[in-house]
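Nothing fancy with the numbering, it's 1 onward along the sequence. Since we're looking at a predicted model, the values are computed, not measured.
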Amino acid sequence: MFLAVLLMVADLNWPKMKEGRAWLSLVVTPLQWVVDMPSRVADSLSDLVVDRASLLRENQSLKAETLVLERKVQQMAALTAENIRLRELLSAGERVEAPTRLAELIGVNPDPFQHEVILNRGSEDDVFIGEPVLDAGGVMGQVVSLAHYTSRVMLVTDARSAVPVEINRNGYRGIALGKGVLNELELEHVPDTADIRVDDLLLTSGLGGRFPRGYPVARVTEVIRDPGRPFTLVKAEPSARLDRSRHLLLVEYHPVLTAPQEEVADE
């Protein structure tokens with residue numbers, strides 16, 4: 001205590017003590033820095049943890065916003081594609097003179113041996129057996145059975161289907177038969193002398209009394225002339241998008257002629 005009092009009195013009255021205190025402070029500074037280090041390290045770690053948690057929350061929020069925006073982009077793409085299809089379908093309806101009604105595909109027959117789809121229109125909507133069904137590309141098929149609010153359509157590629165057609169280039173007539181393959185039709189019993197070429201467009205001839213005349217059915221993809229066979233085999237690809245179209249047209253076509261029995265399958 002005596003030494004402490006002596007140092008305080010000397011500090012007040014002896015100027016040299018200020019220099020000594022400065023040197024003493026210089027010696028003590030590293031010790032103070034070492035003592036303060038744990039506190040500063042703890043503060044830095046706390047800031048780091050807080051910043052990391054904040055970054056994780058912000059990252060999760062940005063991911064959620066990205067997913068929402070991607071979903072909206074996908075919806076816009078779907079709406080744009082649907083709008084294009086509807087415009088094409090509207091244009092297709094303008095090419096048909098008979099009245100048309102819009103229908104939507106709501107089901108597909110799972111039987112691989114029957115190419116049929118189900119529409120959301122039925123007898124309550126005045127749909128009738130044999131009514132032609134079209135899409136924006138061409139003939140899809142015809143109605144073969146009815147319920148009150150739905151109808152079943154047999155596609156042109158069904159093995160039971162036969163559509164009278166004519167070649168757009170020269171008017172040659174034939175029958176396009178379904179072979180049970182979704183992307184293939186055949187013209188059978190075509191004479192070797194028939195003027196048929198690859199890429200010829202086949203249109204409905206209207207002679208069967210089931211489909212309106214002049215609507216695309218298929219495009220010729222292969223002409224096989226075998227000298228050992230009496231007829232030329234002609235293969236064609238349907239113009240309608242049988243596995244993609246969702247919105248279709250029902251054509252109120254009532255011909256005077258009665259369709260041949262083989263054209264109205266399921267009756």
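- When all heavy atoms of Asp158 and His115 are compared, the closest pair comes out as OD2-N, 2.8 Å.
- Under the ring-ring contact (aromatic ring centres under 6.0 Å, His included) criterion, Phe128 pairs with His254, sequence neighbours left out.
- A distance of 13.5 Å separates CZ in Arg121 from CG in Leu146, rounded to the nearest 0.5 Å.
- Contact check for Val133 versus Val117: no side-chain heavy atoms found under the 4.5 Å cut-off.
- Residues Leu105 and Leu250 fall within the same hydrophobic cluster, defined by Ile, Leu, Val, Met, Phe, Trp and Tyr side chains chained together at heavy-atom separations under 4.5 Å.
- Glu131 places a side-chain heavy atom less than 4.5 Å from the side chain of Arg101.
- Surrounding CZ of Arg213 are at most 12 heavy atoms belonging to other residues, nucleotides or ligands under 6.0 Å away.
- The CG atom of Asp200 sits 12.0 Å away from atom CD of Glu166, with the distance rounded to the nearest 0.5 Å.
- When the side chains of ILVMFWY residues are joined at heavy-atom separations under 4.5 Å, either directly or via intervening members, Val251 and Leu203 end up in two distinct hydrophobic clusters.
- The residues Asp199 and Arg219 are annotated as salt-bridged, a charged nitrogen and a carboxylate oxygen being separated by less than 4.0 angstrom.
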- request: List the steps, then state whether side-chain contact (heavy atoms from CB on, under 4.5 Å) holds for Thr204 with Val139.
  value: CA-CA 8 Å; Thr204 51; Val139 175; 3.7 Å; yes
query: Would Met154 and Gln114 count as a side-chain contact (heavy atoms from CB on, under 4.5 Å) if you check the C-alpha gap in whole Å, the side-chain angles of each, and the deciding distance to 0.1 Å?
result: CA-CA 8 Å; Met154 180 179 66; Gln114 292 187 347; over 6 Å; no
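- When side chains are defined from C-beta on, Ser245 does not count as touching Leu242, because their heavy atoms never get closer than 4.5 Å.
- The shortest side-chain heavy-atom distance between Arg246 and Glu104 falls under the 4.5 Å cut-off.
- Taken from CD1 in Ile129 to OG in Ser151, the straight-line distance is 8.5 Å, to the nearest 0.5 Å.
- Heavy atoms only, all atoms of each residue included: Val165 and Ala176 are closest at CG1-CB, 4.0 Å.
- Linking ILVMFWY residues whenever their side-chain heavy atoms come closer than 4.5 Å, directly or via other members, leaves Val163 and Leu201 in distinct clusters.
- When atom types are taken as modelled, the side chain of Ser161 and the backbone of Gly178 share no donor-acceptor pair closer than 3.5 angstrom.
- Contact annotation: the side chain of Met140 never approaches that of Leu134 to less than 4.5 Å [non-hydrogen atoms, C-beta and beyond].
- Side-chain atoms of Glu116 and Arg160, non-hydrogen and from C-beta on, do get closer than 4.5 Å to each other.
- Follow the hydrophobic side-chain contacts under 4.5 Å out from Val223 and you reach Val217 in the same cluster.
- Remark: Arg173 CZ is loosely packed, at most 12 non-hydrogen atoms of other residues, nucleotides or ligands lying under 6.0 Å away.
- Nearest heavy atoms, Pro164 versus Ile175: CA-CD1, 3.8 Å.
- The backbone N or O of Gly137 lies less than 3.5 Å from a partner atom in the side chain of Asp135, making a donor-acceptor pair.
- In terms of heavy-atom proximity, Pro132 sits nearest to Phe211 at CB-CD2, 3.7 Å.
- With a 4.5 Å cut-off on side-chain heavy atoms, Ile196 and Tyr172 count as touching.
- Salt-bridge annotation for Arg241 and Asp243: absent, with no side-chain N of the basic residue lying under 4.0 Å from a carboxylate O of the acidic one.
- Distance CD1/Ile167 to CG/Asn170: 5.0 Å, rounded to 0.5 Å.
- Taken together through direct or relayed side-chain contacts under 4.5 Å among Ile, Leu, Val, Met, Phe, Trp and Tyr, Ile106 and Leu248 form parts of separate hydrophobic clusters.
- A search for salt bridge (Lys or Arg N to Asp or Glu O under 4.0 Å) contacts involving Asp126 returns nothing, not counting sequence neighbours.
- Atom NE2 of residue His247 and atom CG of residue Leu119 lie 11.5 Å apart, to the nearest 0.5 angstrom.
- Atoms CZ and CG, on Phe231 and Asp226 in that order, are 13.0 Å from each other to the nearest 0.5 Å.
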Please list, one pair per line, the donor and acceptor atoms closer than 3.5 Å that link side chains of residues 179-192 to other protein atoms, with sequence neighbours excluded.
from   : atom 1 : to     : atom 2 : distance (Å)
Lys179 : NZ     : Glu188 : OE2    : 3.2
Asp192 : OD1    : Thr232 : OG1    : 2.7

